[in-house]
Amino acid sequence: MRLNSGVIKMKTDELGDWRRTHYSTDINPQLDGKQVVVMGWVREIRDLGGIRFIILQDRKGTVQITVPQDAADQKIVAKSGLLHRQDCIAVKGAVKKMDKAPRGAEIVPDNIKILGAAKQPLPLDITGRTPAEIDVRLDFRVLDLRSDRSQAIFKVRHVVLEAVREFLSKNGFLEVNTPKIIASATEGGAALFPIVYFEREAFLAQSPQLYKEQLVIDFEKVYEIGPAYRAEKSHTRRHITEFMSIDIEQAFATAEDVMNVAEKLMYNVCKKVNEECQEELKILKHKVPEPKVPFKRLTYTQVVEELQAKGIEIHWGEDIPTPAFRTLGAIHPYFYFITEWPSNLKPFYIKPRQDNPEISEGFDLMWSWIEIASGGTRVHDKEVLLKRLKEQGLHPESFKYHLQAFDYGMPPHAGWAIGLERLVMMLTGIKNIREVVLYPRDRFRLTP
RNA sequence: GCCCUGGUAGUAUAGUCCGGCCUAGUAUAGGCGGCUGUCGCCCGCCCGACCCGGGUUCAAAUCCCGGCCAGGGCGCCA
């Protein structure tokens, strides 16, 4: 962690009775002569000697503040000369129609308040002209998040979440929240983070899987958007230890039913991002496809054959390694499902097919080489579930409360989970998952 | 857990292979001064760095060893 040694000497002003009247983007030539108050952060200062231009940034955009040295009150001239990049300021003044100004209008200040000073020199250049590495950017995340790039990423993320909630709610799914502190570490699969829970050990939930399955008994269609924790030592651009999982579970449904939900959801998400984030996608230099539904369905067997044809050493029944997925992504650059996975590659709660138990009703939703979602028809017969648990080396006693749910009328059901960050990565073209999380957690990073 | 690469001013880089002309170059940021229409303004001056420890050598940013940190990949990952 680097710290700069600059000292803030600036005495700041009180907000007092000043309130914002306009955002930067509201300032236009039609407001010529109108008194306004704008608030935000100093993006850039261009001092030409006789005239000084201050670019003020707020959450909507930027507007130019112009201080002509001869015309203006000398107190304003002096005050504007004290400003630094990223100082938080408020400006009261008159809008002036001006063809030469960025939005055809600028503000000539009558008064300026410095509300919060910024230590100089800044640890990174938020205009991105002198780029900083991801590590430095994350160390000074509050500053970094002010950049156009970060603002664009988190706007897209917001629109994705909005689209997901809107779509699932409209389709009859009830939003639920399940515990993230859990008692048992025996669900199998990914490693869990142990925590001290008073005088006992507890764990951070790696998935809401078991809870959402139980909840279909009571609510039939549920979804949850919440954090999941995985204590894997993965060190790649697509792994973090704390991520947001979008989960659904639906009663009286099979894999095919929830695949339909997933592809329609993806269609809606892409459509909404395209509609509402054109500016942001331009900043990120990225294009989002309008996906064609239904998505391609490839069976696991087909995938293995395609990979073998590409000269990759892989045999039926083996998991698909990362480099093979990259090859697959090159063949299928957009969305596709991989279905009919071997049962032994899928978790215990994924239903083996009736006609051939070697093959499961589990699926993955891929976008190019990235796994976006994973799901399937669930086992809803308690005996089969017990058998699957034992086969995978798990202890039924540890699942006492989960198994109990199967005694009270468990309906056939299916569901999936989408990794929000991976989806946002693909929608924004961002190559490092940490960039699409405000304060990412990975194997090595626990701060800020 | 394994493998690869790297660590030079606030930031980003050149120099490292092949030790000495490095008193460490450049850009940007920052400070000071000049400039009345900038929009990556411009011009001048200034400030500021070889990750830490040990070794080799007449001489180490450069070579060797150890450590720490970072980036990436693999494996792992319901």
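Note that the structure is a prediction, hence the values are computed from the model and not measured. Each chain gets a letter, A, B and so on, in the order the sequences are listed, and its residues count up from 1.
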Once you apply a heavy-atom cut-off of 4.0 Å, does A:Q64 come out as touching a base, just sugar-phosphate, or nothing?
base
Euclidean distance for C1', B:rC41 against B:rU5 (whole angstrom):
40 Å
Looking across every strand, which nucleic acid part, if any, lies under 4.0 Å from A:R445 by heavy atom: base, sugar-phosphate, or nothing?
nothing
Run the numbers on A:Y300 and A:E340 for side chain to side chain donor-acceptor pair (under 3.5 Å), then give the verdict.
CA-CA 6 Å; A:Y300 168 85; A:E340 299 186 17; over 6 Å; no
Test ring-ring contact (aromatic ring centres under 6.0 Å, His included) on A:F399 and A:Y349 and set out the steps.
CA-CA 12 Å; A:F399 295 85; A:Y349 51 78; 9.7 Å; no
Nearest-Å distance for atom pair CD/P, residues A:E435 and B:rG71
12 Å
Looking just at side-chain N and O atoms, do A:E44 and A:T127 make a donor-acceptor pair shorter than 3.5 Å?
no
N/O (side chain, A:R52) to phosphate O (OP1/OP2, B:rC35) under 4.0 Å:
no
Using 30° and 60° as the class limits, which term best fits the ring planes of A:H413 and A:H380: parallel, tilted or perpendicular?
perpendicular
Would you indicate what A:R434 reaches in the nucleic acid, counting non-hydrogen atoms under 4.0 angstrom: base, sugar-phosphate, or nothing?
sugar-phosphate
What about A:H235, does its side chain sit under 3.5 Å from the base of B:rG73 through a donor-acceptor pair?
no
Rounding to a whole Å, what distance do you find between A:K431:NZ and B:rG71:P?
18 Å
Between B:rG72, B:rG37, B:rC74, which nucleotide has the shortest distance from any of its atoms to the side chain of A:R237?
B:rG72
Looking only at side chains, do A:R146 and A:Q86 share a donor and an acceptor under 3.5 Å apart?
yes
Separation of A:R443 atom CZ from B:rC69 atom C1', in whole Å?
14 Å
Whole angstrom value for the distance that separates C1' of B:rC77 from CD1 of A:I320:
15 Å
B:rG66 to B:rA49 separation - C1' atoms, rounded to the nearest Å:
24 Å
Between A:N432 and B:rG71, is there a side-chain N or O to OP1/OP2 distance below 4.0 Å?
no
Please give the distance between the C1' atoms of B:rC76 and B:rA14 as a whole number of Å.
40 Å
Within the structure shown, what part of the strands sits under 4.0 Å from A:A417 by heavy-atom distance: base, sugar-phosphate, or nothing?
nothing
Given that A:D47 and A:P131 both sit by RNA chain B, which one's nearest nucleotide is further toward the 5' end?
A:P131
Should we say atom CZ of A:F444 is surrounded by more than 12 heavy atoms from elsewhere, each under 6.0 Å from it?
yes
Look at all strands and tell whether A:P68 reaches a base, only sugar-phosphate, or nothing, counting heavy atoms closer than 4.0 Å.
nothing
Between the base of B:rG37 and the side chain of A:E106, is there a donor and acceptor pair under 3.5 angstrom?
yes
Among B:rG71, B:rG37, B:rC77, which is the nearest nucleotide to the side chain of A:H239?
B:rC77
Counting only side-chain heavy atoms from C-beta out, which of B:rG75, B:rC77, B:rC41 sits nearest to A:P321?
B:rG75
Calculate the interatomic distance between A:D442 atom CG and B:rG72 atom P; express it in whole Å.
9 Å
Out of B:rC41, B:rU11, B:rG10, which nucleotide sits closest to the side chain of A:P123?
B:rG10
Would you mind telling me which of B:rG37, B:rG71, B:rG1 lies closest to the side-chain atoms of A:K233?
B:rG1
Is there side-chain contact between A:I240 and A:R434, with heavy atoms separated by less than 4.5 Å?
yes
Distance between the C1' atoms of B:rC64 and B:rG1, in whole angstroms?
27 Å
Anything under 30° is parallel, anything over 60° is perpendicular, the rest tilted; go ahead and classify A:F406 against A:H402.
perpendicular
So what does A:R378 touch, heavy atoms closer than 4.0 Å: a base, only the sugar-phosphate, or nothing?
nothing
Nearest-Å distance, CD (A:Q86) to C1' (B:rU11)?
14 Å
Can you tell me, in whole Å, how much space there is between the C1' of B:rA24 and that of B:rG44?
24 Å
For the residue pair A:Q302 and A:E306, confirm or rule out a side-chain donor-acceptor distance under 3.5 Å.
no
With RNA chain B as reference, determine whether A:P347 or A:L124 sits nearer its 5' end, using the nearest nucleotide of each.
A:L124
Considering only heavy atoms and no angle criterion, is a donor-acceptor pair shorter than 3.5 Å present between the side chain of A:S234 and the base of B:rC76?
yes
Look for any protein N or O under 3.5 Å of an N or O in nucleotides 27-29 of chain B and output each such pair with its distance, or none.
from   : atom 1 : to     : atom 2 : distance (Å)
B:rU28 : O2'    : A:T130 : OG1    : 3.1

Counting a pair only when it is Watson-Crick or G-U and both distances are under 3.5 Å, which runs of at least 3 such pairs involve RNA chain B?
B:1-7 with B:68-74, B:10-13 with B:25-28, B:30-34 with B:42-46, B:51-55 with B:63-67
To the side chain of A:T66, which of B:rG71, B:rC77, B:rG37 is closest?
B:rG37
Review item, side-chain donor-acceptor pairs of residues 95-105 of chain A, under 3.5 Å, at least two apart:
from   : atom 1 : to    : atom 2 : distance (Å)
A:R103 : NE     : A:S24 : O      : 3.4
A:R103 : NE     : A:T62 : O      : 3.1
A:R103 : NH2    : A:T62 : O      : 2.9

Of the candidate nucleotides B:rC74, B:rC41, B:rG37, which contains the atom at the shortest distance from the side chain of A:E44?
B:rC41
Return the value, rounded to whole Å, for the distance between atom CG of A:D135 and atom C1' of B:rG72.
13 Å
What's the CZ-C1' distance between A:R46 and B:rU38, to the nearest Å?
5 Å
Between A:S398 and A:H395: side-chain donor-acceptor atoms closer than 3.5 Å
no
Are side-chain N/O atoms of A:Y223 and A:E175 paired as donor and acceptor at under 3.5 Å?
yes
Can you tell me how far C1' in B:rC46 sits from the matching atom in B:rA29, rounded to whole Å?
14 Å
Roughly how far apart, to the nearest Å, are B:rC22 and B:rU16 at atom C1'?
12 Å
When the C1' atoms of B:rA60 and B:rC21 are compared, how many Å lie between them, rounded to an integer?
16 Å
